[in-house]
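For reference, the structure discussed in these notes is given below.
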Amino acid sequence: GAVVSQHPSRVICKSGTSVKIECRSLDFQATTMFWYRQFPKQSLMLMATSNEGSKATYEQGVEKDKFLINHASLTLSTLTVTSAHPEDSSFYICSASPGKKGYGYTFGSGTRLTVV
Amino acid sequence: QKEVEQDPGPLSVPEGAIVSLNCTYSNSAFQYFMWYRQYSRKGPELLMYTYSSGNKEDGRFTAQVDKSSKYISLFIRDSQPSDSATYLCAMIHASGGSYIPTFGRGTSLIVHP
């Protein structure tokens, strides 16, 4: 089955520093990957759509200069939270699909970011 | 009105009960319907997906889609404490060729021994 690996699973950083989160599709190529943010007991909030070889498409209200997305290859997308602040603390999850219609999306295991 | 409505619960049932989880939606362009299970502090795990009205069964799980009523359900038979998790419904319609899922907010299920 399709596997998406995400790491780190948990990271604590100081306010003002940057954090990079990696998302890899292990056994399939993903032209498109999605990045979500999830607050406690809330649903997934789509932040951006990551397209291999081109710029990411950000959802309204998401600061693209703060959440830098790079989709360097068909198996790797990264999300960098720049100049992190405590309000950026959240659970970040990536997902990808092999691209077949209706296949469904496979999620990474998520990254718990805590900014202190 | 949100595109996808899902009662957040929590829904608490005894072990062995039949669980019914539901979502309603407003966009008739949705073509594919999925159910995900999410344990605490983990990424969602795909349970089932369907693309037509009717029922689809997989073990103890049955997904039901009623496009005329814009209503989908997930039934869990013989529920177990290990089924305790948040269940999210998701739907997809083709938008400019990209299949972007829309999620419900999730229903928290607690199965107690």
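Here the structure is a predicted model, which is why all the values come from computation and not from measurement. Order of the sequence lines sets the chain letters (A, B, ...), proteins ahead of strands, with each chain counted from 1. When reading the values below, keep in mind they use all heavy atoms of this one structure, side chains included, and skip hydrogens, waters and symmetry mates.
- For B:Gln38, the part lying near chain A is the side chain, with the backbone staying farther off; criterion is any non-hydrogen pair under 4.5 Å.
- Around atom NZ of A:Lys64, no more than 12 heavy atoms belonging to other residues, nucleotides or ligands sit under 6.0 Å away.
- By the neighbour-count criterion of 12 heavy atoms within 6.0 Å, atom CZ of B:Arg77 is densely surrounded, having more than that number from other residues, nucleotides or ligands.
- Closest approach of B:Leu46 and A:Tyr105 over heavy atoms only: CB-O, 4.3 Å.
- Two rings, from A:Tyr36 and B:Tyr36, have their centers 6.0 Å or more apart.
- In this structure, the portions of B:Pro44 lying under 4.5 Å from any heavy atom of chain A include both its backbone and its side chain.
- The distance from the OG1 atom of A:Thr106 to the CD atom of B:Glu45 is 10.0 Å, given to the nearest 0.5 Å.
- One hydrophobic cluster holds both B:Leu74 and B:Ile72 under the rule that ILVMFWY side chains link at heavy-atom gaps under 4.5 Å.
- B:Val13 and B:Ile76 fall within a single hydrophobic cluster, where Ile, Leu, Val, Met, Phe, Trp and Tyr are joined by side-chain heavy atoms under 4.5 Å apart, directly or via other members.
- The 12-atom threshold is not exceeded at CZ of B:Arg41, counting heavy atoms of other residues, nucleotides or ligands nearer than 6.0 Å.
- Around atom NZ of B:Lys42, no more than 12 heavy atoms belonging to other residues, nucleotides or ligands sit under 6.0 Å away.
- Using a 4.5 Å cut-off between heavy atoms, A:Gln6 makes no contact with chain B at all.
- A:Ser43 places a side-chain N or O within donor-acceptor distance of the main-chain N or O of B:Gly104, the cut-off being under 3.5 Å.
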